[in-house]
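We number each residue from 1, following the sequence as shown.
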Amino acid sequence: MSASKFQQQSMLTLRGSLLSLAILTFVSLTYLSLNSLHSSFSSSAQSSPAAISASGKQIIQPLRRSDGDDEITDLYHYPEVFKLNYAAMEENFKVYIYPDGDPKTFYQTPRKLTGKYASEGYFFQNIRESKFRTEDPDQAHLFFIPISCHKMRGKGTSYENMTIIVQNYLDGLIAKYPYWNRTLGADHFFVTCHDVGVRATEGVPFLVKNAIRAVCSPSYDVGFIPHKDVALPQILQPFALPAGGNDAENRTTLGFWAGHRNSRIRVILARVWENDTELDISNNRISRATGHLVYQKRFYKTKFCICPGGSQVNSARITDSIHYGCVPVILSNYYDLPFNDIIDWNKFAVVLKEKDVYQLKQILKDIPHEKFLELNKNVAKVQKHFQWNSPPVKYDAFHMVMYDLWLRRHVIRY
């Protein structure tokens, strides 16, 4: 064999060896990389189902439930997202409360924690005793404007003077602090229940337009902006009787309503169904003279409790129905129901338009018994969301309102 042929064969052999080595190396490194990635991901998923990046955004990992986890069911639009976001809120959310204002007048302390303004009073108290409060405004995601409009009404203040008080108070905050002007109020919020606060603040357009409003009368036709504002549940506490639910066999009355005819829909409801033999419809609230807590006890015996809007779209009867385990029948137009972006109301309530009042009995009778059993069971599951506590408790009304605020915290500050 000549020297040239020998060199050619040697070169071919060397090239083949190098190629084989390269292929082997590539396969080995690929296997090791994939194995490492899989191990890292599995470890991360097991130890931290949700992480928060440096920018504050949530990184969602696969949810692994443990036996001690709270039950999060399909009553929620996105159960796993809700659970992860809720955990992030509890860990990170901070709110700064403006300290200005004389607490003996209209600021800081609502009049009471009972009656139709209980939701407002409880929120004021809960936010102060919660871990969400921060004394450092630089840490705050949102800023709370603690003005209590219904306390003004308790002192006999006219709506015109209420507007002036709110305007002057807000002007003082803007002049004293730099925080409003960074966003024109987009990271500020105030809380008010019933129509008093709505009327008192509607004369301050830049407050209503820019700040987040948590209100008990969240109607689309009175300026409520659902992607900005928050629907506050109107809850009459303390409840007179214990909670009901999971008791379908005890509910023999098809439908129940008793109340004042202070709205068009209530007038029609009473006129059409007051003398019906299957619907228990009363023109006025049941008199105490008929017996002790007769009105509240009717909720225990009824399958579907009718909840027409009053002077506003909202009604405390909705949360009464939920507490006593009666499936609420919403009979209001343009009502953005509390926590509607979190929980699916169709899973535990019957949501109707006002025009459906004429077919009300047939609509309720057409609901299959199996569907009613499911609604009755689910009402008991959501009761915790429509209950105020002091101090606040996980998943209660306060925390659900805070969760809605948490979802609205992202703003650009200049």
Residues pairing under disulfide bond (SG atoms under 2.5 Å apart) where one sits in residues 378-414, two or more places apart or in two chains, turn out to be none
Q: Please find out if less than 6.0 Å separates the ring center of Phe123 from that of Phe144.
A: yes
Scanning both residues in full, the closest heavy-atom pair of Arg266 with Ser315 reads NH2-OG, 3.9 Å
* Does a side chain donor of either His188 or Tyr98 reach within less than 3.5 Å of an acceptor in the other side chain? -> yes
Checklist entry - Does a donor on one side chain sit under 3.5 Å from an acceptor on the other, for Asp100 and Tyr177? => result yes
- prompt: Quick one: are Thr201 and Ile147 in side-chain contact, heavy atoms under 4.5 Å?
  reply: no
Residue pairs meeting disulfide bond (SG atoms under 2.5 Å apart), one or both in residues 322-352, sequence neighbours left out, come to Cys305-Cys326
Should we count NZ of Lys301 as having more than 12 external heavy atoms under 6.0 Å? no
Check: Angle class for the His385/Tyr395 ring planes (parallel below 30°, perpendicular above 60°, tilted otherwise)?
Finding: perpendicular
Asp229 meets the salt bridge (Lys or Arg N to Asp or Glu O under 4.0 Å) criterion, sequence neighbours left out, with Arg213
Of His141, Arg409, Arg182, His410, the one forming a side chain to side chain contact (heavy atoms under 4.5 Å, CB included) with Asp187 is Arg182
- Item | His399 and Asp396 side chains, donor-acceptor separation under 3.5 Å | yes
